[in-house]
Peer 1: 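Sharing a structure with you now.
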2 protein chains.
Amino acid sequence: MSLAASPGTGRGSTPTMKDVAQAAGVSVKTVSNVVNDYEFVSEATRGKVNKAIEELGYRVNVPARNLRLGYTGMISLAIPDLTMPYFAQLSSLVIEEAKKLGMRVLVEPTLYSREGEIEALHGSQRSMIDGLIYSPLELGMDDLDQLRVDYPLVVVGERIFSDQFDHVATENVEGAKHATAYLINTGCRRVAVIGTHPGEKLGSAALRLEGYRQGLEEAGLDYDPRLVAPSRMWHRIDGVNAMNSLLDQGIVPDGVVALNDMLAAGVLHSIQMHGMSVPDDISVIGFDNSDDSQYLSPSLTSISPGLKAVARLSVRVLKDRINGVQPLNTKESQHVFRKVSSSLVVRNSTRALPGNEIAV
Amino acid sequence: MSLAASPGTGRGSTPTMKDVAQAAGVSVKTVSNVVNDYEFVSEATRGKVNKAIEELGYRVNVPARNLRLGYTGMISLAIPDLTMPYFAQLSSLVIEEAKKLGMRVLVEPTLYSREGEIEALHGSQRSMIDGLIYSPLELGMDDLDQLRVDYPLVVVGERIFSDQFDHVATENVEGAKHATAYLINTGCRRVAVIGTHPGEKLGSAALRLEGYRQGLEEAGLDYDPRLVAPSRMWHRIDGVNAMNSLLDQGIVPDGVVALNDMLAAGVLHSIQMHGMSVPDDISVIGFDNSDDSQYLSPSLTSISPGLKAVARLSVRVLKDRINGVQPLNTKESQHVFRKVSSSLVVRNSTRALPGNEIAV
DNA sequence: TTGTACGCGTTATCAG
DNA sequence: CTGATAACGCGTACAA
C-alpha cells in the first residue's frame, strides 16, 4: 500500500466518505452513520460499508469534522519550561488524562517570557483548541484582565488568584511549613531557605516562603533574613550559587529548605564542595519530589505536590467547561478552586526524627 | 468583553469573515485578501477591513482554513516518555524549531508500549497532522512495513535503518567508543558497561555496546562478558540494580560506561553505597549529557548527543517533505540519512588524563 | 432504516 | 483591484 493508486479509487488523494458511499453502494449519510456508530443501521449495510472502508483505507477527516462540529478535541497546555522535571511530569500526566477523555494536548512552553505567556492566551492557535490549561510564571495579579478569555480556561499554580476562573492549586504554604517543622523537629535550629523571589507577593516562591515563616513561628524560632537566599531561577546551578553565597559569607545553617528539587540538588553539591556532610552537618529538604530526588546522594527528602491529582483535576474541569457542564460540585456560575494536598517524602538528606527510623 | 454580546454582532458566536465583510461593506474575498496580506488591495479598503476586524474582534478560524488548504500546520512528535530528560529536552527543542517554521507540535508519549508506537503511526490523529517525527523504542527491523506510511515521516534514533524513509541518527557507536577509550586512557583496565539489551541487534543499546567493544579492541583489551550488566529500562533505579548485581557478585570494575545518564546516576549511588569512591576507585561515564549530569556528586563525565542538531534537522527535513521539496541536498527520490556527531564532556566522575588538568 | 441537500468558515477561480 | 460562487469533507434536519 504505497502512496498513489490504491485499488478502488481513480484519484490519488485520500478517499472521502463519498468514495466509500459509492463503493458500498449507499449514501454518504449511511457511511456517516456507520462511522459514528449510529444505532439504527442494518447489519447488512454496516457490513458493506465497513468492507468498503477497509478496502479503500478510509479515515475520517478530522479537520472537516471539527469544522462541522465546532470543536477540535485539542486542548493546549502552557507551561514555562518542558525540560524542568516538574513541568515534564505535569505535561506527561495531563497528556495521559486528556487521552482518557478523548482529547489531545498541544504543549506550549512559554520559556519564562511574558510575551510567551500572553501569546499562549491570545495567540493564533486560539481557534484550534477547545480550551487551555495554563500555568503562568511571569503574569501576576496585575494581569488579571488578560485572563478574561472567552474560552474554557483552567489556571494551575499560585501566581494569580481570582474567582473569575477555575483554579487548581497545590498546597505550597502547608508543604513548606511541614518541611520547616520537620527540620526543626529533627534538631535543626538555623534553617535557611533557598530560592525566594523578593518582592513577590504571590506565586509558589512567595507561598513557600510564607510556609517557611509559619513553620519557624510555630516552633518559636525567629525569622532571620540572613538565612534567606533569593534566586530568580530554579535550576540546579542557581541552588549552587545561592548556597555558595551563604556559605562563603560564613553563614552556615544546620538545615535548608530548597524551594524545589533542582535547587536542592545544587545545595547538596555546594555543601559537599565546602567539605561538609548532609545530613550530619546540614539537613536539606527539597520541593516537588521529582524522580531524581531519590538518586541524589544522599537521597533527597522532598515535598510531593500531588501532580497526578493536579493533572486529573485540571483536565476534568476543563473538559466539563468545554461541554458546558458545571464542573465538580460547584454551583451555577461559580468557579472551581481546589487545592491539591502535598506530602512529605522522607529520605536521607535529613536526620531521623528522635526515636524513629528513617524511611527509605 | 465577556462571553456573550459583543457590540456589533447580533449573534453570540465568534464573528466570521462574512460578518467582517458585511461590517466593512466589502465581499468575503476582499476580507480574505486583507487577512492573508494579498498584495493588490487598495489602502482604502484595507483600512476599512482592518477597522472592521478590529471592532468585531475577528480571528481566522484555523480549522476551516485547514480544511480548505488541506494541511493543519501541526506535526506530531512520538517519543517513549516525556519525563525522561533526554526526551523532554528533545521535545522542547523540536517545539522550538517547529515554531520558527510556523508549525505546532503534538507531543505523543508512547509509554514504552508497542501498541502506543503503532498507534502513533496509524492512529486517528493521522488526519490532523501534516507529518510525524518518530522516535521508536519498541519497534525494530521486523516492523519495517509499519513504517511505510503515506505521509511525511522522519525517524529519529537507531532502532530501525532503511533507505525507505528519512532518518536522523546520533553517533552512538562513536560516542561509546570514545567514552571507553577515554576511560582506558585514564588508566582503567576493567571497564564495565551498564544497561545493555541482550539479543538486540539495533537500537541505541546495541550500538553503544558495539562502540564499547570497539573501544576495548582498539586498546587491545579483551571483551569480558562478566563486565556487561544488562538492563531493559534506563531509569536510575535500573542503574542501581545493575551495578549492585555486579558488585554483589564480587565483580569490581575500575571504570563504567553507563548507557545513559540516569543509569550513571544510579551507578554512582550504588558505588557509594558499597563504600567506594568515584573516580578514585571506579570511574564513571554517562550518555546524553543531560542537565543533571553536572550536579551529581561527583559531577558526571558524559557523552553529549547533540540534541539541538537532531531537532533542527528533523524538523527541517519534515517541513521540506510536507512542502514537497527534496530535503537538504539529497537527490530526487532519495532519503535523508544524517548522523549528528556526539562529543565527550569531561567532569569529575573520571580521572584526569595523564599530564592533563580536569576540565570542569 | 436510508437518502438529499445544505451549511460550517475558508480560499481559489474567474469574471467584472 | 473586487465580487459572486464553487469547492474542501463532514454531520444533520428533513423527507422518503
Side-chain angles (χ1 to χ4, degrees), chain A residues 9-50 52-53 56-73 124-130 151, chain B residues 9 11-50 52-53 56-74 124-130 151:
Chain A
T9 52
R11 302 179 310 164
S13 65
T14 58
T16 79
M17 269 197 176
K18 204 165 146 194
D19 299 326
V20 177
Q22 206 151 21
V26 299
S27 83
V28 209
K29 164 66 172 162
T30 306
V31 180
S32 174
N33 283 342
V34 172
V35 168
N36 297 313
D37 287 324
Y38 182 60
E39 216 173 345
F40 307 109
V41 184
S42 72
E43 274 313 309
T45 40
R46 188 183 296 276
K48 272 195 302 187
V49 171
N50 277 327
I53 288 179
L56 297 184
Y58 167 78
R59 323 200 56 122
V60 298
N61 180 317
V62 183
R65 166 188 280 167
N66 292 343
L67 173 59
R68 185 61 236 251
L69 262 36
Y71 66 77
T72 67
S124 61
Q125 33 60 294
R126 161 67 191 91
S127 64
M128 63 193 316
I129 60 169
D130 299 333
Y151 58 90
Chain B
T9 53
R11 302 177 311 162
S13 63
T14 56
T16 78
M17 269 193 176
K18 204 167 146 191
D19 299 326
V20 177
Q22 207 150 22
V26 299
S27 83
V28 204
K29 168 63 175 165
T30 305
V31 179
S32 173
N33 283 341
V34 171
V35 168
N36 297 311
D37 288 323
Y38 183 61
E39 216 173 346
F40 307 108
V41 183
S42 72
E43 272 316 307
T45 41
R46 188 182 296 276
K48 273 195 302 186
V49 171
N50 278 327
I53 288 178
L56 297 184
Y58 167 78
R59 322 199 57 121
V60 298
N61 178 316
V62 183
R65 165 187 281 169
N66 291 343
L67 172 60
R68 184 62 237 233
L69 261 35
Y71 68 90
T72 67
M74 279 197 307
S124 62
Q125 32 60 297
R126 162 64 190 92
S127 64
M128 63 193 315
I129 60 168
D130 299 333
Y151 57 91

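All values below come from the heavy atoms of this structure, side chains included, with hydrogens, waters and symmetry mates left out. By convention in this document, chain letters (A, B, ...) are assigned in the order of the sequence lines, proteins followed by strands, and residues within each chain are numbered from 1.
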Peer 1: Do any side-chain nitrogens or oxygens of S42(A) fall under 4.0 Å of OP1 or OP2 in dT2(C)?
Peer 2: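 For dT2(C), OP1/OP2 do have a side-chain N/O of S42(A) under 4.0 Å.
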Peer 1: Contact class for R46(B) (heavy atom, under 4.0 Å): base, sugar-phosphate, or nothing?
Peer 2: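 It contacts nothing in the nucleic acid.
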Peer 1: Could you give the distance from CZ (R59(B)) to CZ (R126(A)), rounded to the nearest 0.5 Å?
Peer 2: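 Reported value, rounded in 0.5 Å steps: 8.0 Å.
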Peer 1: Taking all heavy atoms of T72(A) and all of I129(A), pick out the closest pair and write down the distance.
Peer 2: OG1-CA, 3.6 Å
Peer 1: Take atom CG of N61(A) and atom C1' of dA7(D), then tell me their distance rounded to the nearest Å.
Peer 2: 14 Å
Peer 1: Pick the closest DNA chain D nucleotide for V26(B) and for L67(B) by heavy atoms, then say which residue is nearer the 5' end.
Peer 2: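 Looking at the nearest nucleotide for each, V26(B) comes out on the 5' side.
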Peer 1: Going by side chain to side chain contact (heavy atoms under 4.5 Å, CB included), name the residues that satisfy it together with V35(B), two or more places apart in sequence or in a different chain.
Peer 2: M17(B), V31(B), I53(B), Y58(B), V60(B), R65(B)
Peer 1: Determine, for nucleotides 11-16 of chain D in 5'-to-3' order, which nucleotides have protein heavy atoms under 4.0 Å from the base (write B), from only the sugar-phosphate (write S), or from neither (write -).
Peer 2: BBB---
Peer 1: Only counting residues at least two apart or in another chain, list the ones meeting ring pair (Phe, Tyr, Trp, His ring centres under 6.0 Å) with Y38(A).
Peer 2: F40(A)
Peer 1: Could I get the full list of side chain to side chain contact (heavy atoms under 4.5 Å, CB included) partners for T30(A), not counting sequence neighbours?
Peer 2: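 Residues passing side chain to side chain contact (heavy atoms under 4.5 Å, CB included) with T30(A): V26(A), S27(A), V49(A).
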Peer 1: Is T16(B) close enough to dG9(C) that one of its side-chain N or O atoms is under 4.0 Å from OP1 or OP2 there?
Peer 2: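 Indeed not, no polar side-chain atom of T16(B) lies that close.
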Peer 1: For I53(B) and dG9(C), what is the distance between atoms CD1 and C1' respectively, to the nearest whole Å?
Peer 2: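 It is 14 Å, rounded to the nearest whole Å.
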Peer 1: Is the backbone N or O of G47(A) less than 3.5 Å from a side-chain atom of N50(A), with the two atoms forming a donor-acceptor pair by type?
Peer 2: no
Peer 1: Which of these nucleotides, dG3(C), dG9(D), dA4(D), is closest to any side-chain atom of A64(A)?
Peer 2: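 From the listed options, dG9(D) comes nearest.
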Peer 1: How many whole angstroms separate atom NZ of K18(B) from atom C1' of dA6(D)?
Peer 2: 15 Å
Peer 1: Please round to the nearest 0.5 Å and tell me the distance separating atom CG of N61(A) and atom CG of L67(B).
Peer 2: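 Output value for this atom pair is 6.5 Å.
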Peer 1: Starting from P on dG9(D), measure out to CD on Q22(A) and report it in whole angstrom.
Peer 2: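 Whole-Å distance recorded here is 14 Å.
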Peer 1: What nucleotide, of dT10(C), dT2(C), dG3(D), holds the atom closest to the side chain of Y38(A)?
Peer 2: dT2(C)
Peer 1: May I ask you to evaluate whether T30(A) reaches the phosphate of dG3(C), defined as a side-chain N or O under 4.0 Å from OP1 or OP2?
Peer 2: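 Yes.
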Peer 1: How close do A21(A) and V28(A) get, heavy atom to heavy atom, and via which atoms?
Peer 2: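 Where A21(A) meets V28(A) most closely, the heavy atoms are CB-N, 3.7 Å.
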Peer 1: Output all residues satisfying side chain to side chain contact (heavy atoms under 4.5 Å, CB included) with R68(B), sequence neighbours left out; order by chain, then residue number.
Peer 2: none
Peer 1: Expressed as a whole number of angstroms, how long is the span from D19(B):CG to dC8(C):C1'?
Peer 2: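 After rounding, the reported distance stands at 13 Å.
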Peer 1: If you fit an axis to the five pairs at each end of the helix from dT1(C)-dA16(D) to dG16(C)-dC1(D), how big is the angle between those two axes, to 10 degrees?
Peer 2: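 Answer for the end axes of this duplex: 40°.
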